[in-house]
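Chain identifiers are assigned alphabetically (A, B, ...) following the order of the sequence lines, protein sequences preceding nucleic acid strands; residue numbering begins at 1 within each chain. Scope of the values below: all heavy atoms of this structure, side chains included, with no hydrogens, waters or symmetry mates.
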Amino acid sequence: MSEEKSLNFIEEIISQDLASGKYAQILTRFPPEPNGYLHIGHAKSICLNFGLSLHFGGGTNLRFDDTNPTTEETEYVESIKADLKWLGFNWVKECYASDYFDTLYGFAVQLIEKGLAYVDDSSPEEIALQKGTPTAAGTGNEYRNRSIAENLELFSNMKLGKYEDGTKVLRAKIDLANPNMLLRDPIIYRIKKAHHHRTGDKWCIYPMYDFAHGQSDSIENITHSICTLEFIPHRALYDWCIDQLGIFPSKQYEFSRLNITYTILSKRKLLQLVQEHHVDSWDDPRMPTISGMRRRGYTPESIRDFCDRIGIAKRENIIDFSLLEFCVREHLNKIAQRRMVVTDPIKLVITNYEKGEEILNSENNPEDAQGGVRAVPFSKELWIERGDFMEEPTKKYFRLGPGLMVRLKSAYIVKCESFEKDAAGVVQTVYVTYVPESKSGADTSGIHVKGTLHWVSAQHAVPVVLNEYDRLFKVEDVAGAEGDFKDYINEQSLTKTHAWAEPALLADPLDARFQFIRKGYFYQDTTSTQEALVFNRTVTLKDAWAKEQKK
RNA sequence: UGCCUGAUAGUAUAAUGGUAGUACGACUGUUUUUGGUGCAGUUUGUCUUGGUUCGAAUCCAGGUCGGGCAACCA
């Protein structure tokens, strides 16, 4: 337990509960509905729940909140488990609300027997109408006065499948005038003759969230049930159910959900992006899903670090996307293998280089003294970036231009002697002379240059495809922007580039993390093959020169 | 017009009646064979009006602004 960091309000509550002896150890839970893929907002909840039990001692259950058979699928269950494991968390028990269907049914019967629940034959519209409005009390109906015996029989018949979907519901009998709309006789069971991904066709009635969640927490002896702010009004119902049933008193606590600039964190909207082909899939590297971020090259460490930094509180927030970028850069800088890739090539010819070719060594990672070196072939003709040559260099331009000198990374210092344009006036070739005694690591030339360029030997170059990603949306606050969120989609969020790479990439493992020097961090895409290498740009490098140019 | 919540630099998050701090961002400088990294520094803040107090971001009262609540979703 590290004491130097101050506690957030939930950690505060837990340390008090532990100190007072209320609990000997804590048990939290992560309760996704298996109706979509996990995203970075879930990661915040995951890191919180698992982090809490790791920090204070105890455990965390993984519980699938699968009470709505029409939206849930096993595919989602599997992806959620895979994402959780990848993030590095282990749950104590794998639970399903559907495992409690029998118990939950019994709870409902208990409520009926206490005169606290009744079967209502009204239509959804009628029920909504009878609920009143936030400022006007609701009105009852004749079904509210049904006898216990009648309710018992009707509810049993509901279970037996004697009624059609939507014709009857079971409601808790609480208070139709309560200022909290959720307490105005909430529906706790509805008829759905649908196939459930786990219970199959065994059930045709399913409990609502409010009659399943708190009870599931209680059944598992969850001590601290942590959810997001929009569930605050549900807490009264949560407690009411537990009180009336007299079961283990789990307690609900709420924190604010995560928002990030230039993206959306809503399963419903993310599903829409997939279904309407604005992105390729749930794991499209542009998606803020865990699987998308994994494919893009984010590391579990960087996501956990991000969740650590954003903090836990109760106020609405929107985190800068740049914080996420900072976190992944910081981690990748330490572990990524440096490689050289040229994306928009022009030819560089070294006129006085007569050796044919030679093999140079270049460090894999300057941050890691044990990282070793790799062999990089060097020759008379190289590819360099078009952006690294300027016909008429501006002041503060440290790259190549007529008469200017630069170092070629891990190789020699060269001086630009001349250049050649094609018919259209576009520069195609730059002619330089090199300084033989300036060889990297054995430089006796005494020459000091300000710029260092990456390069690839033309005859050894390997073709690769780079997926360069930009933000998915054009506005900062997508959820808060007026109108349809899809109007703000950035159509240029993906740029595919053909590039030349150094041959070392051919021998690198599939899951290696790379920094393409001066370009950014890259990770091999799932579609990449030895014959056609494809890399996703996880994030660019910070670019002080781009900033300087804007001035 | 009801109920529930919340409000500290650009963005987050601490300070639990006693020096408003930290991170990211931005800006300087410095180091550097990545205009990367590292290092040093600068910048900007307690929603408002009263009250209690020796002392208020913190407690009290009123106001303002934000978010949520009327799914057989979770």
Handout entry: A/Phe321 ring center near A/Tyr262 ring center (under 6.0 Å)
Key =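 No, the ring centres sit 6.0 Å or more apart.
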
Practice task
Determine the sole option in A/Arg144, A/Lys131, A/Lys173 for which the salt bridge (Lys or Arg N to Asp or Glu O under 4.0 Å) test with A/Asp185 is passed.
Solution key: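 Considering A/Arg144, A/Lys131, A/Lys173, a salt bridge (Lys or Arg N to Asp or Glu O under 4.0 Å) with A/Asp185 is found only for A/Arg144.
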
Looking at every strand, decide which applies to [X] at a 4.0 Å heavy-atom threshold: base, sugar-phosphate, or nothing.
X: A/Thr70; answer: nothing
X: A/Lys450; answer: nothing
X: A/Leu323; answer: sugar-phosphate
X: A/Glu12; answer: base
X: A/Phe398; answer: base

Practice task
For A/Val432 and A/Cys416, work out which heavy atoms get closest and say how close.
Solution key: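 Taking A/Val432 first and A/Cys416 second, the nearest heavy atoms are CG1-CA, 3.7 Å.
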
Problem - Which residue lies more 5' along RNA chain B, comparing A/Glu330 with A/Val169 via nearest heavy atoms - result: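 Its nucleotide being nearer the 5' end, the pick is A/Glu330.
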
Problem - Upstream residue (5' side of RNA chain B) when A/Arg235 and A/Tyr189 are each assigned their closest nucleotide - result: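 It is A/Arg235, whose closest nucleotide lies nearer the 5' terminus.
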
Exercise for the section: Return the nucleotide paired to B/U28: Watson-Crick means purine N1 to pyrimidine N3 with N6-O4 or O6-N4, wobble means G-U with N1-O2 and O6-N3, both under 3.5 Å. Expected result: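 Check on B/U28: paired to B/A40, both distances under 3.5 Å.
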
Practice task
Using the heavy-atom set of chain A and a strict 4.0 Å cut-off, write down the first and last nucleotide of RNA chain B that makes it in, 5' to 3'.
Solution key: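 Terminal contacting nucleotides, 5' to 3': B/G2 to B/A74.
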
Problem - Residue pair A/Pro207 / A/Ile188, side-chain heavy-atom distance below 4.5 Å - result: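 Contact flag for A/Pro207/A/Ile188 side chains = no.
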
